[in-house]
Amino acid sequence: MTDHYHDNCQALLGSLSEYIDGELPADLCQEIEKHLEGCSNCRVVLNTTKRTIDLVQIPEEEEAIPEDVRERLFLRLNLDDYLHPEK
Amino acid sequence: MNETAAHEFSIDALRSGDRAEFARLVDAYSAPIYRLGLKMLGNPQDAEDILQNTFLNALTHLADFEGRSSVATWLYRIASNEALMLIRRKKNVVNLDDFQPEDAEETPLPEVFVDWSAMPEDELLSGESKKALDLAVQKLPESLRMVFLLRDIEGISIRDTAEILNLTETNVKTRLLRARMFLREQLSAYYSERLAREEKTNDRSLS
């Protein structure tokens with residue numbers, strides 16, 4: 001399949017990240033979209049790259065630090081009197 | 001994405017040794033810094049060391065903080081240095097250049113062209129898939145992983161990521177593209193195998 005990868009695909013690959021992040025000027029986006037219409041491999045690479053970024057950005061169950069880690073941190077910083085800010 | 005973006009801190013209070021303000025800073029940034037350490041080093045003990053050293057370091061150097069960058073950028077810079085130093089120490093690497101990827105080299109071309117992007121989310125995020133995803137992130141070379149974590153996990157801009165890591169924006173963009181391509185390749189290999197396995201099972205149940 002790699003023999004399919006010609007110059008246009010390489011150019012697209014180079015701008016893929018910025019294209020996904022919406023950081024490219026409109027004329028370049030148009031060029032890329034024109035190429036995508038006729039190139040199924042590049043469409044796959046675009047779709048799966050987008051999906052990869054979506055997947056890694058889904059937050060994990062545990063977003064806060066464990067309470068014991070926080071306690072030891074505050075102790076280490078001599079901030080133990082601020083461990084319970086609401087009090 | 002960046003849950004700490006809205007926090008405002010008084011630099012003057014911090015620099016004059018206001019402990020309550022520093023405690024507030026610690027609570028605002030300890031989660032992302034701990035997460036960064038966890039994903040860079042891969043274990044909670046090292047993540048905790050990075051967390052503690054980052055804030056100890058910040059406390060020591062607060063007086064030198066000039067406020068030219070944001071407090072967040074400054075803290076991330078200390079944290080990323082702590083993480084990279086710990087990695088070097090563990091690997092016994094003396095030469096810092098060993099961690100600089102060849103930015104001039106071409107980004108490897110994609111090899112797997114299976115479109116798994118339409119797979120349902122619960123399948124993409126099953127326990128087994130989640131492990132594959134974590135493993136793929138762990139496999140990223142450190143210099144790419146750091147850029148990827150700051151930009152795609154913490155949602156920090158290209159410009160701030162460049163400032164944190166003392167790189168040019170072009171370098172950050174190159175590394176981000178490489179990191180994303182690497183992860184895409186890893187996940188594509190994993191999901192295409194899974195799709196093939198499922199097809200086999202379906203064929204068997206049909207016959």
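All heavy atoms count here, side chains included; hydrogens, waters and symmetry mates do not. Just so it is clear, the structure is predicted and the values come from calculations on it, not from any experiment. In what follows, chains are A, B, ... by sequence order, proteins preceding strands, each numbered from 1.
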task: Salt-bridge test for A:Lys34 and A:Glu31: reply yes if a basic N is under 4.0 Å from a carboxylate O, no otherwise.
output: no

Region of B:Ser188 in contact with chain A, defined by heavy-atom distances below 4.5 Å: side chain

field: Gap between atom CG of B:Asn57 and atom CD of B:Glu82 - 0.5 Å precision
entry: 5.0 Å

field: A:Ser17 side chain to B:Arg180 side chain, donor-acceptor N/O pair below 3.5 angstrom
entry: yes

- prompt: So is A:Arg70 actually on top of A:Phe74's ring, under 6.0 Å and inside 45° of the axis?
  reply: yes

task: Measure B:Asn53 against the heavy atoms of chain A and call it side chain, backbone, both or neither at under 4.5 Å.
output: side chain

- request: Rounded to the nearest 0.5 Å, what's the gap from CD1 on B:Ile78 to NE2 on B:His61? Could you check?
  value: 8.0 Å

query: For the candidates B:Gln52, B:Gln186, B:Met119, which exhibits the highest count of non-hydrogen atom pairs separated by less than 4.5 Å from chain A?
result: B:Gln52

Top contributor to chain B contacts, counting heavy-atom pairs under 4.5 Å, from A:Thr48, A:Val44, A:Leu55: A:Thr48

message: Less than 4.5 Å to any heavy atom of chain B: does that hold for the side chain of A:Arg72, its backbone, both, or neither?
response: both

- prompt: Quick one: what part of B:Glu121 sits under 4.5 Å from any heavy atom of chain A, side chain, backbone, both or neither?
  reply: both

message: Please rank B:Val137, B:Ile158, B:Leu59, B:Leu125 by heavy-atom pairs under 4.5 Å with chain A and give me the top one.
response: B:Leu125

- prompt: Do B:Ser10 and B:Asp12 meet the criterion of a side-chain donor-acceptor pair at a distance under 3.5 Å?
  reply: no

message: So which residue, A:Asn78, A:Asp21, A:Asp54, ends up with the most heavy-atom pairs under 4.5 Å with chain B?
response: A:Asp21

message: For the interface with chain A, which of B:Leu133, B:Leu183, B:Asp134 has the highest count of heavy-atom pairs at distances below 4.5 Å?
response: B:Leu133

- request: Could you look at B:Leu51 and say if it's the side chain, the backbone, both or neither that has a heavy atom under 4.5 Å from chain A?
  value: both

query: How about A:Tyr19 and A:Glu33: does a side-chain donor come under 3.5 Å of a side-chain acceptor?
result: yes

query: What residue in B:Phe22, B:Phe148, B:Tyr191, B:Trp116 has the most heavy-atom pairs under 4.5 Å with chain A?
result: B:Trp116

message: Please classify the contact between B:Leu177 and chain A as side chain, backbone, both or neither, with a heavy-atom cut-off of under 4.5 Å.
response: both

message: Under 4.5 Å from any heavy atom of chain B, what part of A:Asp81 do you find: side chain, backbone, both or neither?
response: side chain

field: side chain to side chain donor-acceptor pair (under 3.5 Å) between B:Arg194 and B:Ser126, worked out
entry: CA-CA 12 Å; B:Arg194 255 186 74 158; B:Ser126 70; 3.1 Å; yes

More than 12 heavy atoms from other groups under 6.0 Å of CZ on B:Arg197: yes

message: For A:Ile53, which atoms come within 4.5 Å of any heavy atom of chain B: side chain, backbone, both, or neither?
response: side chain

